[in-house]
There are 2 protein chains.
Amino acid sequence: MDLIAALRRICGENAVQDGAEAGGLGRDATGKYHWRPLAVVRPRDTAQVSAVLQLAGQNGVSVVPVSGNTGLNGGTRAEGAIMLSTERMNRIRDIDPAARTATVEAGVILQTLHEELAPLGLGFPMTFGARGSARIGGILSTNAGGSNVLRYGNMRALCLGVEVVLADGRVMNLMSALHKDNTGYDLRDLFIGAEGTLGIITAAVLKLSPLPRAHVTAVVAMARLEDALSLLNALQAASGGGVEAFEYMPDIYMDRLARYRPDLLPPITTGPVNLLIEAASTAPALSDPGPEGAPPLRDAIETVLSDAMEAGQITDAAVASSDAQRRKMWEMRESAAEITLNELPIVDTDIAVPLGAVAEYLDRMRARITKLDPQARIMIVAHLGDGNVHYTVYPSRDDDGLQNDLRQAISEEAVALGGSFSAEHGIGVSKLPTMAALKDPVALDVMRVIRQALDQQGILNPGKTIPK
Amino acid sequence: MDLIAALRRICGENAVQDGAEAGGLGRDATGKYHWRPLAVVRPRDTAQVSAVLQLAGQNGVSVVPVSGNTGLNGGTRAEGAIMLSTERMNRIRDIDPAARTATVEAGVILQTLHEELAPLGLGFPMTFGARGSARIGGILSTNAGGSNVLRYGNMRALCLGVEVVLADGRVMNLMSALHKDNTGYDLRDLFIGAEGTLGIITAAVLKLSPLPRAHVTAVVAMARLEDALSLLNALQAASGGGVEAFEYMPDIYMDRLARYRPDLLPPITTGPVNLLIEAASTAPALSDPGPEGAPPLRDAIETVLSDAMEAGQITDAAVASSDAQRRKMWEMRESAAEITLNELPIVDTDIAVPLGAVAEYLDRMRARITKLDPQARIMIVAHLGDGNVHYTVYPSRDDDGLQNDLRQAISEEAVALGGSFSAEHGIGVSKLPTMAALKDPVALDVMRVIRQALDQQGILNPGKTIPK
């Protein structure tokens, strides 16, 4: 086929697969989505991406960018399309420790970046379970969140500049390393989170942070979720806004953890509500051991926890006293995908509600699920500090209609409480019906006209993000 | 005239001015820009804004939104257009202390918001000299920066949701109060900073912060600007990233201050380089007086300053020991507009370069200015912690060609060092030639197609932001 030959001329003989070989790559990390790509191409640089897009446009063939392929909503489905993998564009072009920036290509794996930065005393404060596979291009295209958004923000907050190849192959250079740049519209943030439907991000300038001098990590058991917000506020006040993670693992999560990962025994007597809490600081006066031994940050957190225990809000708590203990606490939380997405049928979602509304949301949902499917089992894990709940249901039977009803209920209740039906996982294909039903129709129309204006043929990741 | 009558039917008899009365309002705070508006209208709510835009569209008349009218680049010039003032849409709809959000209308004055929040122990950490006049709508439409961007970010970082009226009068509701919401393109940030060319922002949800428990404010004199970055890094390390402001006032600025504001005598022997530094914390362990009296934050800052003095980097320093002293230090810096924009002819600009490049930028500029106009005088004041320099030149003669050459040189050198020709003031009309010359042409084209797609008639603030 001529197109395949032309792709090989652009990217090199070994960088293009088609036929059965390409077919074997037509799936994502969830196992829910399968497709037959026309070809899989692995360009080495921006110029090759540009040439592939020009060729695709001339042939009216769609192009779907794929990075780590760890998304959960089918955003990389590429039926009959060219899958454009970023994996060979994996250079860290520059790290500037004084300016605290890293310039990276789209194929750099998140964990690789973490590992390069650590010896410099720097971090890129974006982290989540799939960090060993997820690549910067995909992380940007989904505006990823994760466990530290509370402190550092999502990918938009952590990115200073991007390079983007447009649908017609033109390269847009927005590779600024500046913290202030008001020269026209915010195109950077328009392309971040656009799931590859407006352009393909090929490189970025990322904002780094000094690694904390001290972490205080704790797991805590509580009886009532309603008490969690006042605990968070007390911890923020005591640490000067130093809470980096505030993660929720209910009893049903801990039960499942005990079943699938018995090696991860929690160091506390768990309760209906269990929290993984981490505070950190770079200030020596907070982080370095004080006259009585412990860093003031640790004293401050322990005081809040013991006050909360005396007040009856907390039933048990353990503060990590070594890095190994800290890691084990994190592993409990980061096993979420492994232990919750391992069963079918499944309805897994990602909603957010205002902080004060999480308990009410869970109450309302329990009632709605019981009506829709009395035998369904519920699974929950949450970035509670962001109001972001990964709400999962295992329905009692494999029935598309029931699954859609469950999905819709989960989204509707979130929006009814002023929330979002996709907090961090994006839209892809699985949330298109929800997007059509619940997103402001004027906003949807604005998205449509922008997409149409930038990709008139509609060849970039078609059928994603925006419902018809 | 029928249009005026129709505007009166929409907004009320007293909310519309035309003729000479409107003409008297056709100017901005700089005194550089004058125009004759067709009418000035003051809608009371979003529905009236929508009706005005529909009417304008039917009549092919342009609409220019105006808030505090304190911009410096002519962004509110409204020759022959309807000036739409936000001043009557000035309600603070809601303040939620637990969730730390404020829901405000576009006409709320920044300082009014500060004053409403203070008794609650909360702040909205956006501040600059014009805060007593500037209104939220304009602050959002220019993505304002100011003196605390270093710590809290610009308006995009401080805004969770917006309500926008589109060119055709439709209302887009993006009034989310969520920290995580990945439901499609980032339309919010597209409209923030668009200078009213894509839609009119009528309301917003803003992110609040707890007021610091302690401020440490200092003025410092140095011999060499090259030493400032290492001082900033040392202060950040000592305070745990607590530096909120790091402002640069060179000797030429202090001389001008002494001339126009002799009441603001600096508490130090000034040098070639003078800095206003502020660090703050909400952590009790840093902010509250320690066993030796002073808060650890103050000890930490004073230690850095005395080390720098011993190392010969600093020649003099004073730390404010009362709120009155702190205010006086800030007044020195915030008099900038008053004491530097009071002379004609003037070329006032707003560039940013990477942090490490400021000293080189100033050196290069001095050489270029000397060649262009040996008698020109230079005036500088800078948000040094952001690499953001307000570079002003008083040319020796009133000559448009010379002024354009100076403006171009100032921008070119910034871009040559990886910087921006508009850090926080935006484009308006005065920077259109620079935008045409120096912005990535693909990015310009993307802006054009987006504007065209959202406002086909081109009635929203025409002739601004994007060059022809």
Side-chain angles (χ1 to χ4, degrees), chain A residues 98-99 143 145 149 154 156-157 170-174 177-187 189-190 193-194 238-241 281-286 296 300 352 354-356 386-388 418-427 435 439-440 442-443 446-447 449-450 453-454 465-466, chain B residues 98-99 143 145 149 154 156-157 170-174 177-187 189-190 193-194 238-241 281-286 296 300 352 354-356 386-388 418-427 435 439-440 442-443 446-447 449-450 453-454 465-466:
Chain A
N143 183 34
V149 171
N154 55 23
R156 286 201 184 99
R170 285 183 300 168
V171 179
M172 182 168 63
N173 181 352
L174 303 172
L178 303 168
H179 291 258
K180 277 183 174 175
D181 184 10
N182 268 352
T183 54
Y185 303 160
D186 183 7
L187 300 181
D189 290 323
L190 184 64
S239 64
S281 176
T282 58
L286 275 180
L355 243 59
D386 308 312
N388 176 191
S420 166
F421 54 88
S422 184
E424 55 179 12
H425 293 171
I427 303 302
M435 189 80 163
K439 186 76 183 175
D440 179 69
V442 180
V446 170
M447 291 181 209
V449 301
I450 290 174
L454 291 177
T465 313
I466 307 176
Chain B
N143 184 34
V149 171
N154 54 23
R156 286 201 185 99
R170 284 183 299 167
V171 179
M172 182 169 63
N173 181 353
L174 302 172
L178 303 169
H179 292 257
K180 277 183 174 175
D181 184 11
N182 268 351
T183 53
Y185 303 160
D186 183 8
L187 300 181
D189 289 324
L190 184 63
S239 64
S281 176
T282 57
L286 275 180
L355 242 61
D386 308 313
N388 176 190
S420 166
F421 54 87
S422 185
E424 54 179 12
H425 294 170
I427 304 303
M435 189 79 163
K439 186 75 182 177
D440 180 69
V442 179
V446 170
M447 290 181 209
V449 302
I450 290 175
L454 291 178
T465 314
I466 307 175

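All heavy atoms count here, side chains included; hydrogens, waters and symmetry mates do not. Throughout, protein chains are lettered first and strands after them, A, B, ... in sequence-line order, and every chain is numbered starting at 1.
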For B:L286 against A:A283, the heavy-atom pair lying closest together: CD1-CB, 4.2 Å
Atom group of A:A157 that falls short of 4.5 Å from chain B, counting heavy atoms: neither
Selection from A:T465, A:L174, A:D386 maximising heavy-atom pairs under 4.5 Å formed with chain B: A:D386
For chain B, the option from A:E424, A:M435, A:R170, A:H179 that forms the most heavy-atom pairs under 4.5 Å: A:E424
A:V171 side chain near B:V442 side chain, heavy-atom distance below 4.5 Å: no
Interface residue of largest heavy-atom contact number with chain A, from B:A352, B:S281, B:A99, B:G184, under 4.5 Å: B:G184
Which portion of A:S239 sits near chain B, non-hydrogen atoms under 4.5 angstrom: backbone
B:G145 versus A:K180, closest heavy-atom pair with distance: CA-CE, 4.3 Å
pair A:N182-B:H425: side-chain heavy atoms closer than 4.5 Å: no
A:V149 versus chain B, the contacting section by heavy-atom distance below 4.5 Å: side chain
When A:I450, A:N173, A:N154 are compared by non-hydrogen pairs under 4.5 Å with chain B, the top option: A:N173
Distance-minimising heavy-atom pair for A:D181 and B:S420: OD1-OG, 2.6 Å
Side chains of B:Y185 and A:V446 in contact at under 4.5 Å (non-hydrogen atoms): no
Heavy-atom contact with chain B under 4.5 Å, split by part of A:I466: side chain
When B:P284, B:P296, B:G193, B:A285 are compared by non-hydrogen pairs under 4.5 Å with chain A, the top option: B:P284
Note, A:L187 side chain near B:M447 side chain (heavy atom, < 4.5 Å): yes
Part of A:A177 lying under 4.5 Å from any heavy atom of chain B: neither
Region of A:N388 that comes under 4.5 Å of a non-hydrogen atom in chain B: side chain
A:D189, part contacting chain B, at a heavy-atom distance under 4.5 Å: both
For chain A, the option from B:T183, B:L355, B:T282, B:V449 that forms the most heavy-atom pairs under 4.5 Å: B:T183
Short N-O contact, B:R156 and A:D186, less than 4.0 angstrom: yes
Residue A:A194 versus chain B: region with a heavy atom under 4.5 Å: both
